[in-house]
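Just follow the structure's listing: the first ligand is 1, and inside any ligand the first atom is 1.
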Amino acid sequence: MISDKKSIRFHCQNIHLDSGEFASGEVSCTPGEPMEVFLGEETSASIKLPDTAHLALGRVDPHVHFRESAIPSPEEHAEHGPTEIDYQSLVDNIRKANSGYSVRSGCLSALKGGVSIVGAMGNTPWGPVGPYRHQRTQEHYDKQSLVPIIVWPRMEPGAAPIPGHEGKDFGSTFGGSGLTGQIRKDMYVLWKGESVSYHNDQVRADESIEAFRDRLHPDERLLHHQYFDGSTVLACQKETMDIAESAGVSSLLARHIPNGSALKQILDRSKLASFKLPAEIGLDYMYWNQDRLLQQKRETALINYRRPAHPTREDQLALIELTLETVRDGYAIFFGSDHAPHSREAKEFHNGLPGSPGTRNIEHSLQFYCELVNHYGYTWPDIDRLASINPAKHIAQFYKFPYEIGALKTGAMANLAIFDPEVPYQVDEAALASELEDPEYHSAMTGEKRLRGQSLFTVSNGRVFQVDNGIKALN
Ligand SMILES: [Zn+2]
């Protein structure tokens, strides 16, 4: 039989084994087929990587916003909603969202960052609410994607759950559904026995951001970060864990944990809880803190909004230390980038308040990891657990992959991140706008001086992409 599948073999001195050791040898990748690992071998047919290069498991990022939405037919809209908006307005909203960002740009950004699989959020105009819309959205993403994407079903009051999946609660997302109290509880009851995740970025109960600004007049670069501080996160997490417990869900994942005390709150609760409490650490909190924002140019700092907010230096150090301890204890902890691309216009201030809080992050995943390895005593096996193995185990509970994921061995799914951690790196916005097919591209990392790490190749289900200079599929 003639096959048009092309195998590509890499030779590398630093293959990251699941045991935490490095080995030299070769790994072969063929689209749609499992990887083959040949330790100790060197053949003439392989791509020879530089001695300083590493070959690790592809990264799995369970938290991205790719913002694109499927467009329903009028019949689908009539049958599956949403009812509060007429068809034409819905389609207009979808077209607007889809013109600003795409699944394709998101996938190119993932590949640039060494990410082979992502989990996508459904806060889109025609979101994955209920089984029908969830499946339609998943199929739409499958069609546009360059890497496997798992679409998280969106929880809404009254919407049927998807058994065996992980529902995403936007009730506690600032700017999200704004659900409170009993409505949120009823929504969790629908997911009894199932898994749920949530954003922990609720507003303060006792003061609006406008009143906070008028009372304290903080530097505008810090307004957001000082309002959505640790106390807002602790209150949101506590309330959500209580709801989860009373509703009887089986697992509750806190998204983008921003500081040490928020992680500690979850770890403490997990010792007593009747349900699992996996923990997602916001990847960019490993790099950003409030002091660093003040060192940035104003306009760059102002695109660096996150909800929950960037921590103080002290809170950041506590998070970095506790994350390391927790992953070494074998806890279900992993990184999520919360890659959330918005246009520059959407990020402008309105009435003295910041606009959309998202930041583009996923394409700089490697540079965030390098920061931890170079400055905070993390090892590459720690990073492999946080960025590849643990998130793979988490999402494999909810989605069927063709082969085992989260393991670097013959027969497992061929997902690889190949990179050189020693190479200095600086953001080139114009080059990235073109490579990522993202005309609105702008980065919070622009102008950062001591970044390191160059992605060389990213492999997703055996498809090899060269990503160091442009992004090219090789097989
Ligand atoms: Zn998010």
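Within His65, the N, O or S atom lying nearest to the Zn ion (ligand 1) carries the name NE2. Atom NE2 is the N, O or S atom of His199 at the shortest distance from the Zn ion (ligand 1).
The pair Glu371-Arg292 counts as a salt bridge, with a side-chain nitrogen and a carboxylate oxygen less than 4.0 angstrom apart. The residues Asp92 and Lys96 are annotated as not salt-bridged, no charged nitrogen and carboxylate oxygen being separated by less than 4.0 angstrom.
Residues His65 and His199 place their aromatic rings such that the two centres sit under 6.0 Å apart.
Between the NE2 atom of His63 and the OD1 atom of Asp338, the angle taken at the Zn ion (ligand 1) works out to 80° after rounding to 10°.
Taking the six-membered ring for Trp and thresholds of 30 and 60 degrees, His165 and His134 have ring planes more than 60 degrees apart, a perpendicular arrangement.
Contact annotation: His256 places no N, O or S atom under 2.8 Å from the Zn ion (ligand 1).
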